[in-house]
Number of protein chains: 2
Amino acid sequence: MTKLPGKRKTTAEIYQLIRNKITSFEMFPGDRVTEHELADLFEVSRTPVREALKRLEVEGFVSVRPKHGCFIRDFDIVELAEYYDIRIALEQLAVEHACESMPDKLVKQAMEAWDPARHDDDMARGIDLSVKDEAFHIGLAEGAQKPMLADMLRSINNRIRIIRRLDINADNRSLRTYREHFEVLQHILNRDAGKAKLAIKRHILRSRDFAKTLTLTALAQKKAQIRAGNTR
Amino acid sequence: MTKLPGKRKTTAEIYQLIRNKITSFEMFPGDRVTEHELADLFEVSRTPVREALKRLEVEGFVSVRPKHGCFIRDFDIVELAEYYDIRIALEQLAVEHACESMPDKLVKQAMEAWDPARHDDDMARGIDLSVKDEAFHIGLAEGAQKPMLADMLRSINNRIRIIRRLDINADNRSLRTYREHFEVLQHILNRDAGKAKLAIKRHILRSRDFAKTLTLTALAQKKAQIRAGNTR
DNA sequence: CGATGCAATGTTGTATACAAGCAGCGCATG
DNA sequence: CATGCGCTGCTTGTATACAACATTGCATCG
């Protein structure tokens, strides 16, 4: 965020910086960047840039065409829908396990955090809902003692975070998110796996449908904006 | 496979070589290796070794402790069981989609490959069952036009390949594998998602239970062997 | 005029040199 | 004898130089 000119940046920082540039649409899908460019930009050598790009490639943010350049990967709607489907399958699994083994204490703790009554207060405090939302979904898997499942959810989130950010920040959805999360947690507390699975499915499906249209418009906007603005 | 001493190896090859050493128990969990060692061993510089290790780290084969060394990661039974559970969820999803959209032609093609009548012939020909098996499971997702799902299954397979290899090569299971795969395909051809999902679930569950005991004994054997053999 | 070869340029791939940091050990000192 | 401090060796982290290769534009030839 803040630029410290003197400090030499580490690979992990470069990774974050590039990812931010992508997820904030500063670098647009299809753009081609070279390792040298990025190295100059961040004032480091190509080595850490390369490592960061390698990781970003594994995670699907960019694709490196050998000897040619590095391209920001496009995300198409079909791909996103697929990820949402996968999320449903995995999170239903997480919820099922949570019903079996997530301690009451943790569930109640989460319920406090997602009590719809808290919504306005949180908003007033300027809580970053996208972060809180991610913590909820990952937290179910972690609460159920399924670290690998949590890992997979994290990696999926990496891919769709761009969209979820747009999604979750839409005002008209934020209260609904509280309600839906709260409902899921209630069912978990009651150890009713069937209802909990259904609730989480509905919740994700709603997100998906919303995200779909939202993405289209957001991308279109950005595209227009880019086209109008610069010729870098 | 065959060693060409003159040819300089590329990063991808180094990656494969190291992974093979791990999955074939040539490098044992807990072992510490240094980049320099590997570079010397493969007669390349540290750079490609580093890149290969980075990738292996992402995929969970090794863990690099900064400034200290690179350790072959242990796989514990609990973790493996979790992966099998995840596979059930994901492959049920794949099968469901396959019932909807996998073309008859592809299904029939797969059924030919997995016709139990072919089993003895395949064995005689020395077919690598672990490869064929992986192609089946991935193939369902691909046939259903779900490339991202296929990707995720691939990455899970990377993690449990060691075990699956032991599993699938056990003679007494190979014919059963043909039968179970064939059954799943039959249900898909009939577009009976319910039965297909149940069949794939049973199939993976059986694998899991078998793998569990198998891994324990295999690991124990190797451990004993190592303990007896060397003190490197 | 068009196609083809060829060289120049730019990009990633690899090797090597140097920096930084941590662990373990030995030494000195209380 | 115990303990704290610093030093050395080893390992990863980063910078840079060089190699290989793909693309592209131009020139030359049919």
Side-chain angles (χ1 to χ4, degrees), chain A residues 3-19 21-22 27-74 231-232, chain B residues 3-22 27-74 230-232:
Chain A
K3 196 178 178 189
L4 306 173
K7 186 168 170 283
R8 198 163 55 198
K9 296 175 194 69
T10 177
T11 296
E13 288 166 343
I14 302 292
Y15 164 80
Q16 282 292 342
L17 287 171
I18 298 178
R19 212 180 72 172
K21 278 194 180 297
I22 297 174
M27 289 168 158
F28 200 73
D31 277 4
R32 170 165 166 274
V33 292
T34 68
E35 296 172 358
H36 206 73
E37 260 179 75
L38 293 169
D40 281 356
L41 177 61
F42 298 126
E43 297 174 307
V44 293
S45 82
R46 272 180 54 216
T47 312
V49 171
R50 259 181 87 72
E51 300 206 348
L53 285 177
K54 265 282 187 308
R55 191 167 155 196
L56 288 166
E57 187 183 22
V58 171
E59 293 176 359
F61 286 100
V62 304
S63 83
V64 176
R65 251 174 65 188
K67 314 268 186 188
H68 191 75
C70 168
F71 296 83
I72 313 297
R73 272 190 48 174
D74 205 353
T231 46
R232 172 172 62 116
Chain B
K3 195 177 177 189
L4 306 173
K7 187 169 169 285
R8 197 163 55 197
K9 296 176 195 66
T10 177
T11 296
E13 287 166 343
I14 301 292
Y15 164 80
Q16 281 293 341
L17 287 169
I18 298 178
R19 211 179 71 173
N20 281 347
K21 277 193 181 299
I22 297 174
M27 289 169 157
F28 199 73
D31 278 4
R32 170 165 165 274
V33 291
T34 69
E35 296 171 358
H36 205 72
E37 258 180 76
L38 293 170
D40 281 357
L41 177 61
F42 299 127
E43 297 175 306
V44 292
S45 82
R46 271 180 55 217
T47 312
V49 171
R50 258 183 88 73
E51 301 207 349
L53 285 177
K54 265 284 188 301
R55 190 167 156 196
L56 288 166
E57 187 182 21
V58 171
E59 292 177 358
F61 286 101
V62 305
S63 84
V64 176
R65 253 175 61 188
K67 314 271 186 187
H68 193 75
C70 168
F71 295 83
I72 312 297
R73 272 192 45 175
D74 206 354
N230 64 35
T231 46
R232 173 169 62 114

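Just so it is clear: chains get the letters A, B, ... in the order the sequence lines come, proteins before strands, and each one is counted from 1.
The CZ-C1' distance, from A/R65 to D/dT24, rounds to 13 Å in whole Å. Distance A/R46 CZ to D/dA19 P: 15 Å, rounded to the nearest Å. We find that CZ of B/R32 is positioned 12 Å from C1' of C/dG24, with the value rounded to whole Å. Between A/E37 atom CD and C/dT11 atom P there is a gap of 8 Å when expressed in whole angstrom units. Rounded to an integer number of Å, the gap from NZ of B/K67 to C1' of D/dG13 is 5 Å. In this structure, A/R50 atom CZ and D/dA15 atom C1' are separated by 14 Å, rounded to whole Å. Atom-to-atom, CD of B/E35 to P of C/dA20 comes out at 18 Å; the value is rounded to the nearest Å. Atom P of nucleotide C/dA15 and atom NE2 of B/H36 are separated by 13 Å, given to the nearest angstrom.
Distances shorter than 4.0 Å separate none of the side-chain N or O atoms of A/T11 from OP1 or OP2 on D/dG13.
Residue A/V64 is classed as having no contact, given no heavy-atom separation below 4.0 Å to the nucleic acid.
The distance from the CD1 atom of A/I72 to the CG atom of A/D31 is 6.0 Å, given to the nearest 0.5 Å.
Using a 4.5 Å heavy-atom cutoff, the side chains of A/E57 and A/K54 are in contact. A/K9 has its side chain within reach of A/L17: a pair of non-hydrogen atoms, C-beta onward, lies under 4.5 Å apart.
A distance-only check finds no donor-acceptor pair linking the side chain of B/R50 to the backbone of A/E51 [under 3.5 Å]. A donor-acceptor pair under 3.5 Å links the side-chain atoms of B/R32 to the main chain of B/H68, judged by distance alone. A distance-only check finds no donor-acceptor pair linking the side chain of A/E59 to the backbone of A/L56 [under 3.5 Å].
For the pair A/T47 and A/P66, nearest-nucleotide mapping onto DNA chain C gives the more 5' position to A/P66.
Distances were taken from every side-chain heavy atom of B/H68 (C-beta onward) to each of C/dT16, D/dT14, C/dA23; the shortest belongs to C/dA23.
Of the options A/L41, A/V33, A/L38, A/D40, a side chain to side chain contact (heavy atoms under 4.5 Å, CB included) to A/V49 is made by A/L38 and by none of the others.
Across residues 53-60 of chain A, not one residue has a non-hydrogen atom less than 4.0 Å from an atom of DNA chain D.
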